[in-house]
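Report on one structure; see the data block that follows.
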Amino acid sequence: MNRIYIKYILLLFTSLLMACNVTKNVPQGDYLYTGAKVKIEDKDIKRKEKKILEPDLNSILRPKPNTSILGLRPKLWIYNITKTAKKGPRKWIKKWGEPPVLFSSVKVDYNRDLIVNRLENKGFFRAMATSDTSIRGRKASLTYPTTAGPRYLIRSVNFTTDSSDLGRAVSATSENTILKKGDNYDLDLIKAERERIDANLKEKGFYYFSPENLIIQVDSTSERHRVDLYMNIKQSTAEKARDIYKINHIYIYPNFKLRDTIKGRTPAPLKYKDFYIIDRTKMFKPQVFERTMFFHEGDIYNRTDHNLSLSRLMSLGTFKFVKNQFEEPDSSRALLDAYYYLTPYTKKSIRAEVTGTTNSANFTGSEFTLSWRNRNAFKGAELLTVSAYIGTDVQVSGNNSGTAYGNKILRYGAEVNLGIPRFITPFKVSSNSAFIPRTNITLGYDFLNREGSYTLNSFRTSLGYSWKESLEKEHRLTVLGVTYVQPSRVSREYDSLSKANPMYKHAIDKQFTFGPTYNFNYTNTHKTYKTNTFYFNGNLDLSGNIVGLISGANREKEKELFGTAYSQYIRTELDFRYYRKLGLNSQWANRVIFGYGYAYGNSRSLPFTKQFFIGGTNSVRAFRARSLGPGRYRDENLGNDNILAADQSGDIKLEMNSEFRPKLFSIVRGALFVDAGNVWLLNSDPNRPGAKFTKNFMKELAVGTGAGIRVDASILVVRLDVAFPIRKPWLPEGEQWVIDDISFGSKAWRKDNLVYNLAIGYPF
């Protein structure tokens, strides 16, 4: 018998065994409880509203039946076969079992009361519920036929507080109430309104006030199923909750150990402005806390400044734990002493990392990094990092894979980075964000050896700033970034290739760029409860603009700085992504990338490292990395294993991706995707016919599709994509769509068209 049939027979037999054995440990006279459902029988309630109400009511029923998958109960089956196990493999899997949920454990009256109570909380004040039992063999289930009745609406909302400070403060919030005339009565909405009022009062100094101090009385005696709501303050509210509190003294313990006791505190020996700093070791400069604390002596307490101070202290990156406490001093006045207990990280640390890497050029390899950190380099919470790395890469599926040279890379380098938690500028810049702004200074060196081709030395330095407006918005401004790339060795083979075709020489040109860059990032993808989320990243890169203007640089008369010709260009890239949740476990992800670069003055083209490339594991996955374009041009050396093929680049880039990501099971997700894109040149190039950007650019988009598997373990995502092209823009017009030529059974077709991408992380 064919093995595949044996497999299916065994699977069917196992399924039947699991299904028939589930009542094995159910006591005589009892039944296995298989669940319950609520059935709303009102004809007046719309079908759409029933679809919302019934799942909500079903979720509150107790107990829950045994876990079921496709009608089978695997955990109960495991329990049944391992119940008496005391050793061996069965004892090991015993922990995955689940004892039977018995019908006798169901409190029917309690569940009916829960249903009625939930409906009343939703405004169905005349709700009623009954119960029906269904028994089949040794299994039993329940149905709760329910009549909801008419739903009551809000007729009026009234704030009836007194004329005290607290009463006036509560009344002042009425303009922004979320309880609106004509809305459905909903207890959850009323609770949210109390939370809203409490949050507002916390901004006005009512430190001890809480939502429980508010009472909303409901009058449902009016006709036509309407209710009147009356907001008031409970008479039992304590005097403390009625007082407006101000900040008295602020005590900061910047070197607090968790084993230290809080009791027995003494006044700090050092007072800096409005702060008492208890730091006998003088580990931190007092100015650090001036930039992080939003409270000052005499301020009215407010929740915003409270949270901003804590967020800033944490965003310094120097403190492992931040604890805050408010206490009343020995005074009859409404005052608060603020205490901040800060536990710092170890000041100096060494970290070693060994990582596997993969990038957009389909290079896969490993890297070893050794870094030394000082989290408080100059007593101002500065982060000084000195790191060095060495790594190797092999292009396993790129345009150079399989060649005798060019597909192996050795790289090493070092970097010194100093992050200062404030703006260092000639003029004062203030920030009210919850995140500390930073001044960043970087100095680095990189060496790259592409086997059999060339070696490059790269020197870079930069001065810039980074700051976050909020959790969603982040800015990075490099006031001056300088990069100098110098080839140190070029092989004879590559030199001959570059002389025959100037585009190959571009990869080994000297590159000297300097100028500002700006990057803006917006994302709300952390809001997992939203159906639609977005990501946007835009950057602007300028080089040599002011110097070129002053020196009068032009393409006919190249200018130099420090003995080297510098680059002049304007470059921008925009990356927009849209994510939509489809049900609980699936997602639809989309991305559009547009890039544009313009070289002028001292430069005839963009530096090689600033040009745009397309294709590869995170791009148009049906085409090898950097093998597409520009435009309709196709490098005749691609696919020739004996000749090094140059990376194909352009001045303009357009890329579009769409991917459906269903959850298959456990941590495994699937993917179905379509990618499209290309790069183009701004100007004609006789060596690359068809590469210029024209109005017919949409006809020159490469298109590919495919499927993939992702193992998403949260901290690490490993994915495998299999893709194939359906449109090749370099083919003659009328033959570009190759979907009719797809032949999975052909070995030659698979070799030329199937592209496998193994990568870390999602493509976007």
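The structure presented is a predicted model; accordingly, all values stated were derived computationally and were not measured.
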ask   = Do Y578 and F534 make the cut of ring centroids closer than 6.0 angstrom?
value = yes
key: Residues D198, R194: salt bridge by 4.0 Å N-O rule   = no
key: K50 with E41: basic N within carboxylate O range, under 4.0 Å   = no
request  = Give me the ring orientation class for F125 and Y152: parallel if the planes are under 30° apart, tilted from 30 to 60°, perpendicular past 60°.
outcome  = tilted
message = Could you work out, with side chain to side chain contact (heavy atoms under 4.5 Å, CB included) as the rule, every residue matching K234, not counting sequence neighbours?
response = I215, S236, T237
task = Using side chain to side chain contact (heavy atoms under 4.5 Å, CB included) as the criterion, list what pairs up with A36, not counting sequence neighbours.
result = Y33, L61, L142, Y144
request  = Flag yes if more than 12 heavy atoms outside K64 fall under 6.0 Å of its NZ atom; otherwise flag no.
outcome  = yes
inquiry  = I'd like to know if K46 and E49 make a salt bridge, using a cut-off of under 4.0 Å between side-chain N and carboxylate O.
reply    = no
query = Do T617 and D721 come close enough that some side-chain heavy atom pair is under 4.5 Å?
reply = no
ask   = Salt-bridged, K39 to E54, with N to O below 4.0 Å?
value = no
message = Once ring pair (Phe, Tyr, Trp, His ring centres under 6.0 Å) is applied, do any residues pair with Y207, and if so which ones, sequence neighbours excluded?
response = Y301, F326
task = With sequence neighbours excluded, tell me which residues meet side chain to side chain contact (heavy atoms under 4.5 Å, CB included) with V703.
result = V674, A676, I726, R727, W737
request  = Mark yes or no for whether R312, through its side chain, and N307, through its backbone, hold a donor-acceptor pair below 3.5 Å.
outcome  = no
ask   = Can you tell which of R669, R591, R710, R580 makes a salt bridge (Lys or Arg N to Asp or Glu O under 4.0 Å) with E659?
value = R710
ask   = Hey, does T82 have a side-chain heavy atom less than 4.5 Å from the side chain of I78?
value = yes
inquiry  = Please tell me whether Y762 and D712 have a donor and an acceptor in their side chains that are separated by less than 3.5 angstrom.
reply    = yes
inquiry  = Check this for me, if you would: do D575 and R577 make a salt bridge, where the nitrogen-to-carboxylate-oxygen distance has to be below 4.0 angstrom?
reply    = yes
key: F665 side chain reached by I667 side chain, heavy atoms, under 4.5 Å   = no
R62 backbone acceptor or donor facing N111 side chain under 3.5 Å = yes
task = Kindly write out the residues that satisfy salt bridge (charged side-chain N to carboxylate O under 4.0 Å, His left out) with D188, not counting sequence neighbours, or none if the list is empty.
result = K122
Y535 side chain near N521 side chain, heavy-atom distance below 4.5 Å = yes
request  = Name all residues meeting the side chain to side chain contact (heavy atoms under 4.5 Å, CB included) criterion together with S586; count only those two or more places apart in sequence or in a different chain, and write none if there are none.
outcome  = L582, F660, P662
query = So, Y341 versus Y253, ring centres under 6.0 angstrom or not?
reply = yes
query = So, D132 versus T143: side-chain donor-acceptor pair below 3.5 Å or not?
reply = no
query = Looking only at atom types and distance, does a side-chain atom of E193 sit under 3.5 Å from a main-chain N or O of I178, one as donor and one as acceptor?
reply = yes
message = Using side-chain heavy atoms (C-beta onward) and a distance below 4.5 Å, is L119 in contact with L57?
response = yes
